[in-house]
Asks: 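First, the structure itself, so that you have it in front of you.
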Amino acid sequence: MRIAVVVFEGFDELDAIGPLEVLRNAAAGGADLEVALVTLDGAAEVTGSHGLAVRPDGRLDPDRTDLLVVPGGGWNDRAPRGAWAEAERGELPAAIAAAHRAGAQVATVCTGAMLATAAGLTRGRPAITHHGAVEELRASGAQVVQARVVDDGDLVTAGGVTSGIDLALWLVERHVGAA
């Protein structure tokens, strides 16, 4: 299974790095997972919302992704860098939609769910996001479920920041087993 954790300027570090670590540990433990930290444009370095600079592994290829993990960050305060800015630009939501159309499961952490919403994936579906964006998620037509992780098949969403680890643990159990 090819897993891409997509990062962008202003992403919330824990939203991405927590799931990345869980998924890479599963791969190191023998799970048949290829886990990459990616960007849309192949940037050599991306800076998170708290100043952490990371060097992604490469560029997102929507046609070669089985599972796309989308972090949030910067949504609730409408930051000039982060999920809000990415939704406004439109390129990341378009790439999320393209990966989904190509058969990828989309998993979001925190306000990454709002990027999935901008991609047209949450309308009429059960989902959750950070508590500060729940009403926006509901207004978009999603069926808000108050849970840390909401699994709706090809769309899995997780609530606040620390729920990204729960999301990744669930994805490992779902795809390769609890052991």
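Predicted model, so just to flag it, every value in this text is computed and none were measured.
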Asks: Should Leu92 and Phe8 count as side-chain neighbours, where that means a heavy-atom distance under 4.5 Å?
Replies: yes

Asks: For the residue pair Ala116 and Thr108, what are the closest heavy atoms and their distance?
Replies: CB-CG2, 3.8 Å

Asks: Compare all side-chain heavy atoms of Leu68 with those of Ile96 and state whether any distance is below 4.5 angstrom.
Replies: yes

Asks: Just so I know, are the side chains of Val161 and Val109 near enough to count as touching, which here means a heavy-atom distance under 4.5 Å?
Replies: no

Asks: Treating Ile, Leu, Val, Met, Phe, Trp and Tyr as nodes and any side-chain heavy-atom pair under 4.5 angstrom as an edge, say whether Val6 and Met1 lie in one connected cluster.
Replies: yes

Asks: Could you verify whether a donor N or O on one side chain and an acceptor N or O on the other, from His100 and Gln105, lie under 3.5 Å apart?
Replies: no

Asks: Taking side chain to side chain contact (heavy atoms under 4.5 Å, CB included) as the criterion, tell me which of Val38, Thr39, Asp41, Leu40 meets it with Pro56.
Replies: Thr39

Asks: Output, in order, the C-alpha distance, side-chain angles, deciding distance and verdict of salt bridge (Lys or Arg N to Asp or Glu O under 4.0 Å) for Asp154 and Arg125.
Replies: CA-CA 11 Å; Asp154 62 352; Arg125 301 184 72 177; 2.5 Å; yes

Asks: Give the minimum heavy-atom separation between Ala158 and Leu167, together with the two atoms involved.
Replies: CB-CB, 3.9 Å

Asks: Would you say the side chains of Thr122 and Thr117 form a donor-acceptor pair under 3.5 Å?
Replies: yes

Asks: Would you say Val144 and Val156 are hydrophobically clustered, going by side-chain heavy atoms of ILVMFWY under 4.5 Å?
Replies: no

Asks: Taking C-beta and beyond as the side chain, do Phe11 and Val54 meet within less than 4.5 Å on heavy atoms?
Replies: yes

Asks: Is it true that Val149 and Leu155 fall in one hydrophobic cluster, defined by side-chain heavy atoms closer than 4.5 Å?
Replies: yes

Asks: Taking Arg123 for its side chain and Gly120 for its backbone only, find out whether a donor-acceptor pair lies under 3.5 Å.
Replies: no

Asks: Ignoring hydrogens, what is the shortest heavy-atom contact between Ala87 and Ala118? Give both atom names and the distance.
Replies: CB-CB, 4.2 Å

Asks: Are Asp151 and Arg174 close enough for a salt bridge, meaning some N to O gap below 4.0 Å?
Replies: yes

Asks: Do NZ/NE/NH1/NH2 and the carboxylate oxygens of Glu136 and Arg78 come within less than 4.0 Å?
Replies: yes

Asks: Evaluate the side-chain proximity of Thr129 to Cys110: yes if any heavy-atom separation is below 4.5 Å, no if none is.
Replies: no

Asks: Check whether Glu13 reaches the backbone of Leu52 with its side chain - one donor and one acceptor, N or O, closer than 3.5 Å.
Replies: yes

Asks: Would you say that Leu33 contacts Val176 through its side chain, given a criterion of any heavy-atom pair below 4.5 Å between the two side chains?
Replies: yes

Asks: When you compare the side chains of Arg148 and Thr162, does any donor N or O come within less than 3.5 Å of an acceptor on the partner?
Replies: yes

Asks: Taking the side chain as every heavy atom from C-beta outward, state whether Met114 and Trp84 have any atom pair closer than 4.5 Å.
Replies: no

Asks: Do Leu115 and Leu37 share a hydrophobic cluster, counting only Ile, Leu, Val, Met, Phe, Trp and Tyr and linking them when any side-chain heavy atoms are less than 4.5 Å apart?
Replies: yes

Asks: Quick check on the hydrophobic clustering: are Ile165 and Val150 connected, directly or via other members, by side-chain heavy-atom contacts under 4.5 Å?
Replies: no

Asks: Checking side chain to side chain donor-acceptor pair (under 3.5 Å) between His130 and each of Asp15, Thr111, Asp12, Asn76, which is the one that passes?
Replies: Asn76

Asks: Decide yes or no for Val106 and Leu121: does some side-chain heavy atom of the first lie under 4.5 Å from some side-chain heavy atom of the second?
Replies: yes

